[in-house]
Amino acid sequence: IGYIQSGKTASMEGLISLAKDNGFQIIILLSGVVSNLTKQTVDRVFTSTPGAGWNKIYEKDLSKFDIEGLTSDIIRCLKGYENTPEDYMRNETSLIIQMKNKTRINKLTDLFNNLNSRYDLSKVSCLIIDDEGDQHSLSAVNPRIDNQTIHIAGKEDTVESICEKYIISEDELIYLNRDKTSEESGNLHIKPGDSLIIERAESPIHRALRELRKSIPNHSFLSYTATPQASLIIPVIDFLSPKFAIILRPGEDYTGVNYFFDQNVISNYTRVIPSEELHTYSQERIIPETLHTALKEFIIGVSIGYYHKEDFDGKNRTMMITPSQKVSEHYKYLNSVREILENWSEILEMDNSDSEDLYEDFYRVYLENIKKNYSSNIPEYDDLKKLILKALQLTKLQEINARGQTRIPSINWDNNYSLILVGGIGLERGYTVEGLTITYMSRPTSSQQDTVQQRARFAGYRKKYKDLVKIYLTDDLKDFYR
């Protein structure tokens with residue numbers, strides 16, 4: 001269990017290397033449920049495991065997921081451990097990364113069933129890591145799900161014979177059929193004709209994980225999350241019920257929700273988006289004044305970065321706008337932001353009285369919203385003024401959703417210093433937004449507390465540029481995080 005954006009992926013990277021050093025021959029990492037998060041994890045984990053000793057497997061296109069070829073490749077690696085177990089640096093650990101959805105997990109199960117038919121896996125150490133383990137892995141109660149397995153008891157059936165037939169424990173069989181147990185002894189009493197639940201109705205990913213774990217006879221299963229509420233209250237009989245929990249402590253430079261929403265400093269970092277502004281924007285397309293201010297703060301922050309030549313050091317400066325889960329809203333906000341930035345660029349290029357008026361607007365924001373609370377030496381506005389037009393011209397806008405394509409696009413952090421991202425689910429759980437300074441969350445809160453917690457992408461290791469961090473959000477969201 002780790003704080004939001006506190007370094008859980010780094011912990012997984014360390015865990016994977018430690019697992020190899022301790023003789024694990026196969027490691028599976030199930031990474032998120034959206035494509036851009038999986039791509040981010042693949043890049044980071046594969047980069048952190050360089051050199052010899054790794055058989056890295058990631059296939060984005062399932063039509064190219066060659067079970068026979070992968071089986072042969074993994075067996076080749078296992079025989080290396082078998083023949084020269086002492087040469088653990090060169091022996092290749094198979095590192096498999098896959099997005100967490102039913103179809104992809106079932107492909108992994110097919111792979112391991114095939115492996116079992118060609119190699120004895122009972123003595124092969126395997127580690128399964130479930131990233132964001134409380135998301136979709138657990139089985140939610142859903143009246144539309146009708147996939148439970150029922151056994152009709154026969155005359156010769158006993159609890160033992162039924163458990164042996166379906167490969168389940170007696171405790172699980174008793175738990176699933178609690179209505180047929182004795183109140184005094186807790187034993188399960190079976191009569192011919194009784195309908196017994198063998199597998200309860202469950203979500204597709206939960207069942208897929210069950211089947212995957214059945215196909216790997218000797219494995220450890222670790223789950224990572226920042227929002228463990230659901231994982232900790234599921235029935236202990238559930239195969240995903242945790243046997244232990246460890247809290248990962250963040251580093252000294254971590255700035256989380258408690259940091260930004262502390263009563264003593266909350267006014268430095270947060271701004272409320274008035275509901276009237278959002279209503280007017282929705283009905284009349286009048287762009288919220290808070291969005292204008294947030295964009296000015298962001299452009300000034302970019303200019304400060306240019307002043308310090310951060311763009312030459314591989315750093316980033318990012319603004320994130322999350323108006324809704326609806327793609328149509330993303331597109332609307334994207335166009336509004338583009339309209340604002342292009343208009344400001346045109347005005348400043350004219351170098352006239354309108355230009356000076358706009359520079360004065362930027363100066364007011366610089367004085368009132370940034371310099372006022374800046375804890376270190378901030379460049380003088382005259383030095384930044386020369387860079388504002390360049391910041392406007394070089395800032396890239398990107399829509400982070402699957403509109404018009406099959407998957408959510410990845411972000412090329414290396415090629416862009418200044419970015420404004422507009423999206424919904426693609427900018428939520430698990431995804432790291434590099435160099436995030438300005439957050440504009442105009443979307444309403446949710447009844448699911450873990451979902452709202454996971455939207456706090458402003459959390460992270462941002463202490464070095466904390467004076468540029470501003471979080472614009474609705475009143476109810478501010479109350480929630482506070």
Is it the case that more than 12 heavy atoms not belonging to [X] sit under 6.0 Å from its [atom1] atom?
X: Tyr359; atom1: OH; value: yes
X: Tyr331; atom1: OH; value: no
X: Lys60; atom1: NZ; value: no
X: Asp61; atom1: CG; value: yes
X: His279; atom1: NE2; value: no
X: Tyr259; atom1: OH; value: yes
X: Tyr3; atom1: OH; value: no
X: Met89; atom1: CE; value: no

Short N-O contact, [X] and [Y], less than 4.0 angstrom:
X: Lys100; Y: Asp130; value: yes
X: Asp475; Y: Lys478; value: no
X: Lys107; Y: Asp110; value: no
X: Lys463; Y: Glu252; value: no
X: Glu356; Y: Lys385; value: yes

Please identify which of these residues, [options], meets the side chain to side chain contact (heavy atoms under 4.5 Å, CB included) condition with [X].
X: Ile96; options: Leu108, Ile27, Ile128; result: Leu108
X: Pro323; options: Ser328, Ser336, Ser442; result: Ser442
X: Leu419; options: Ile411, Asn412, Leu436; result: Ile411

(request) Let me know which of Tyr472, Phe260, Phe261 forms a ring-ring contact (aromatic ring centres under 6.0 Å, His included) with Tyr269. (result)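 Option passing the ring-ring contact (aromatic ring centres under 6.0 Å, His included) with Tyr269: Phe260.
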[X] and [Y]: side chain donor to acceptor below 3.5 Å:
X: Ser231; Y: Asp134; answer: no
X: Asn316; Y: Thr318; answer: no
X: Tyr224; Y: Ser11; answer: yes
X: Thr290; Y: Glu277; answer: yes
X: Gln25; Y: Ser94; answer: no
X: Gln229; Y: Gln453; answer: yes

So, taking the atom named [atom1] in [X] and the one named [atom2] in [Y], what distance separates them when rounded to the nearest 0.5 Å?
X: Thr270; Y: Met441; atom1: OG1; atom2: CE; value: 12.5 Å
X: Leu397; Y: Leu341; atom1: CG; atom2: CG; value: 5.5 Å
X: Ser223; Y: Leu30; atom1: OG; atom2: CG; value: 10.0 Å
X: Ile16; Y: Leu95; atom1: CD1; atom2: CG; value: 5.5 Å

(request) Please test Thr474 against Asp476 for side chain to side chain donor-acceptor pair (under 3.5 Å), starting from the C-alpha separation and ending with a verdict. (result) CA-CA 6 Å; Thr474 58; Asp476 56 349; 2.5 Å; yes
Which pairs count as salt bridge (charged side-chain N to carboxylate O under 4.0 Å, His left out) when at least one residue sits in [range], sequence neighbours excluded?
range: residues 284-295; value: none
range: residues 326-336; value: Glu329-Lys332
range: residues 437-446; value: Glu428-Arg443
range: residues 292-312; value: Glu310-Arg317

So, the side chain of [X] versus the backbone of [Y]: is there a donor-acceptor pair under 3.5 Å, distance only?
X: Thr38; Y: Ser31; answer: yes
X: Ser355; Y: Ile347; answer: yes
X: Thr225; Y: Thr227; answer: yes
X: Gln5; Y: Ala459; answer: yes

(request) Just jot down the side chain to side chain donor-acceptor pair (under 3.5 Å) partners of Lys466, sequence neighbours excluded, or say none. (result)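 Lys466 satisfies side chain to side chain donor-acceptor pair (under 3.5 Å) with Ser375 once adjacent residues are dropped.
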What is the ring orientation for [X] with [Y], classed by angle as parallel under 30°, tilted 30 to 60°, or perpendicular over 60°?
X: Tyr481; Y: Phe458; answer: perpendicular
X: Phe221; Y: His219; answer: perpendicular
X: Tyr417; Y: Tyr306; answer: tilted

(request) Report the C-alpha distance between Leu468 and Ile370 in whole Å, list the side-chain angles of each, state the deciding distance to 0.1 Å, and finish with yes or no for side-chain contact (heavy atoms from CB on, under 4.5 Å). (result) CA-CA 7 Å; Leu468 295 176; Ile370 300 177; 4.1 Å; yes
(request) Could you tell me if the ring centre of Tyr281 sits under 6.0 Å from that of Tyr333? (result)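 Centroid separation for Tyr281 and Tyr333: below 6.0 Å.
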(request) Would you please indicate yes or no on a ring centroid separation below 6.0 angstrom for Phe362 and Trp344? (result)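 Between Phe362 and Trp344, which both carry aromatic rings, the centre distance is below 6.0 Å.
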Would you please name every residue forming a salt bridge (charged side-chain N to carboxylate O under 4.0 Å, His left out) with [X], sequence neighbours left out?
X: Asp238; value: Arg200
X: Lys470; value: none
X: Lys20; value: none
X: Glu360; value: none

(request) Could you check Leu111 against Phe65 for side-chain contact (heavy atoms from CB on, under 4.5 Å), going step by step and ending with a plain yes or no? (result) CA-CA 9 Å; Leu111 170 63; Phe65 194 87; 4.2 Å; yes
(request) Under the side chain to side chain contact (heavy atoms under 4.5 Å, CB included) rule, collect the residues that match up with Lys39, sequence neighbours excluded. (result)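 Counting only residues at least two positions away or on another chain, Lys39 forms a side chain to side chain contact (heavy atoms under 4.5 Å, CB included) with Asp43, Ser410.
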(request) For residues 386-397, pull every pair meeting side chain to side chain donor-acceptor pair (under 3.5 Å), keeping only residues two or more places apart or in separate chains. (result)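 Applying side chain to side chain donor-acceptor pair (under 3.5 Å) to every pair that reaches into residues 386-397, excluding sequence neighbours, yields Glu349-Gln393, Thr395-Ser418.
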(message) Test of understanding: with ring-ring contact (aromatic ring centres under 6.0 Å, His included), list the residues that count as partners of Phe239, not counting sequence neighbours.
(response)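 Checked Phe239 against ring-ring contact (aromatic ring centres under 6.0 Å, His included); matches are His206.
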